[in-house]
K.L.:
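What follows is a structure written as structure tokens; I'll ask about it next.
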Amino acid sequence: VAASIDGSEKDQFSVPKTMQKEVQRILENTTANGGDPKAVLRTYHIVTAFIIEPYSPSFGPSSSSPNSIVRSPIRGIMTTYGYALPDPENPDRLSIWFSGGKVECGESRRSPKFKVWKRIFGTAGATSGGGGGTSSKRKQRQSPQKRTVREGVMVVAARLLMGAKGYNDEMDEESGEMGYTFSRPMGGHGKAYVDIVHLDEQTRVMRGHAGTLYVFTRVGGKKK
């Protein structure tokens with residue numbers, strides 16, 4: 001079941017089975033007068049910046065390392081789309097789930113680094129046959145990186161349990177983006193959550209159900 005906070009098809013997301021009726025009720029109430037202000041559906045997106053490092057012998061044989069074509073660090077951004085609902089039994093707890101995400105290059109599309117990004121994650125790479133002339137250059141498909149047995153099992157489990165899609169889709173050659181979705185996301189009250197242990201106008205401290213501690217600070221702008 002897909003829901004949308006603002007009613008647009010572009011921003012649709014999937015909801016855990018045990019929470020579908022609750023989310024539907026909240027979305028219907030927010031469009032009508034007198035909706036419950038405490039029953040708020042929040043976004044819980046996580047944006048992570050990472051760097052693809054230039055090749056190092058410590059990575060293993062260069063023939064099997066995608067980093068072998070990286071000459072300088074390449075920035076990337078991974079976005080995980082998540083959502084949160086207040087727990088009905090605990091006022092300081094937010095139940096969370098994730099419905100998908102995307103990975104994109106953090107470099108300018110005009111940058112040589114963006115071309116290297118596309119060679120790493122795309123299905124085609126340019127190679128030179130020598131001589132420097134355009135007639136000696138050709139396009140050839142790169143062999144996809146093989147998954148380990150453990151990675152293969154995890155992908156199959158994600159498909160079966162969470163309805164994962166997009167893992168094997170090709171990268172968008174224009175934008176350099178790769179995305180995925182979960183049609184059956186896991187979650188529910190008491191299963192995946194964060195507890196708010198401190199909150200003021202500038203800082204929020206939360207502890208996840210696995211014990212991880214998160215500290216957030218407000219960056220710029222005014223309180224809404």
Side-chain angles (χ1 to χ4, degrees), residues 1-48 50 77-104 147-172 175 177-197 199 204-216 224:
V1 174
S4 176
I5 292 179
D6 60 4
S8 66
E9 187 173 317
K10 178 181 178 181
D11 295 324
Q12 285 189 347
F13 57 93
S14 299
V15 181
K17 185 175 182 179
T18 58
M19 305 177 75
Q20 289 175 1
K21 291 184 178 179
E22 182 180 1
V23 171
Q24 186 64 36
R25 184 176 66 253
I26 291 173
L27 293 175
E28 291 175 352
N29 287 343
T30 56
T31 60
N33 294 328
D36 185 357
K38 296 182 179 179
V40 178
L41 176 62
R42 299 174 171 87
T43 57
Y44 193 80
H45 304 334
I46 298 176
V47 180
T48 305
F50 63 91
I77 301 173
M78 179 172 63
T79 304
T80 305
Y81 299 119
Y83 301 87
L85 274 179
D87 188 296
E89 304 296 329
N90 190 331
D92 295 323
R93 174 171 294 176
L94 295 175
S95 299
I96 60 175
W97 73 92
F98 299 98
S99 65
K102 67 177 181 179
V103 178
E104 58 189 318
R147 294 191 177 102
T148 64
V149 174
R150 182 174 181 273
E151 290 171 340
V153 171
M154 292 177 66
V155 170
V156 172
R159 290 176 184 166
L160 295 177
L161 298 176
M162 305 176 67
K165 298 179 181 179
Y167 280 94
N168 290 323
D169 292 351
E170 296 180 356
M171 176 195 72
D172 185 290
S175 66
E177 292 185 3
M178 299 160 283
Y180 63 93
T181 60
F182 299 134
S183 61
R184 297 187 298 276
M186 301 177 69
H189 296 307
K191 294 183 178 180
Y193 58 83
V194 290
D195 290 331
I196 301 174
V197 297
L199 178 64
R204 175 188 294 178
V205 181
M206 300 190 300
R207 180 178 286 108
H209 65 274
T212 305
L213 195 65
Y214 303 90
V215 180
F216 301 88
K224 298 182 178 180

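Remember, it's a predicted structure, so these values are computed and weren't measured experimentally.
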K.L.:
Suppose we screen for ring-ring contact (aromatic ring centres under 6.0 Å, His included). Which residues come up paired with H45, at least two apart in sequence or across chains?
P.N.:
Y81, Y83
K.L.:
Any side-chain heavy atom of I77 within less than 4.5 Å of one from T48?
P.N.:
no
K.L.:
Please step through side chain to side chain contact (heavy atoms under 4.5 Å, CB included) for the pair L41 and V23, ending with a clear verdict.
P.N.:
CA-CA 8 Å; L41 176 62; V23 171; 4.2 Å; yes
K.L.:
E22: what forms a salt bridge (Lys or Arg N to Asp or Glu O under 4.0 Å) with it, not counting sequence neighbours?
P.N.:
none
K.L.:
How close do P86 and R42 get, counting heavy atoms only, and between which atoms?
P.N.:
CG-NH1, 3.8 Å
K.L.:
Taking distance alone, no hydrogens or angles, what donor-acceptor pairs closer than 3.5 Å link side-chain atoms of residues 90-97 to residues at least two apart or in another chain?
P.N.:
| residue | atom | partner | partner atom | Å |
| --- | --- | --- | --- | --- |
| N90 | OD1 | D92 | N | 3.0 |
| R93 | NE | D195 | OD1 | 2.6 |
| R93 | NH2 | D195 | OD1 | 3.4 |
| R93 | NH2 | D195 | OD2 | 3.1 |
| S95 | OG | H189 | ND1 | 2.7 |
| W97 | NE1 | S14 | O | 2.9 |

K.L.:
M206 vs F216, test: side chain to side chain contact (heavy atoms under 4.5 Å, CB included). Steps then yes/no.
P.N.:
CA-CA 8 Å; M206 300 190 300; F216 301 88; 3.3 Å; yes
K.L.:
Give a yes or no on whether the backbone of V15 and the side-chain of Q20 come within a donor-acceptor separation of less than 3.5 Å.
P.N.:
yes
K.L.:
One pair to check against side chain to side chain contact (heavy atoms under 4.5 Å, CB included): V194 and I196. What are the steps and the verdict?
P.N.:
CA-CA 7 Å; V194 290; I196 301 174; 5.6 Å; no
K.L.:
To the nearest 0.5 Å, how far apart are CZ in R25 and CE in M19?
P.N.:
10.5 Å
K.L.:
Using the test side chain to side chain contact (heavy atoms under 4.5 Å, CB included), find all partners of V205 that sit at least two apart in sequence or belong to another chain.
P.N.:
V197, H198, T203, L213, V215
K.L.:
Start with the C-alpha gap between L85 and I26, add the side-chain angles, then the distance that decides, and say whether side chain to side chain contact (heavy atoms under 4.5 Å, CB included) holds.
P.N.:
CA-CA 10 Å; L85 274 179; I26 291 173; 3.3 Å; yes
K.L.:
Taking only residues two or more places apart in sequence or in another chain, which ones pass side chain to side chain donor-acceptor pair (under 3.5 Å) with T80?
P.N.:
none
K.L.:
Taking side chain to side chain contact (heavy atoms under 4.5 Å, CB included) as the criterion, tell me which of M171, M78, K102 meets it with M178.
P.N.:
M171
K.L.:
Using 0.5 Å steps for rounding, measure from the CZ atom of F98 to the CZ atom of F13.
P.N.:
13.5 Å
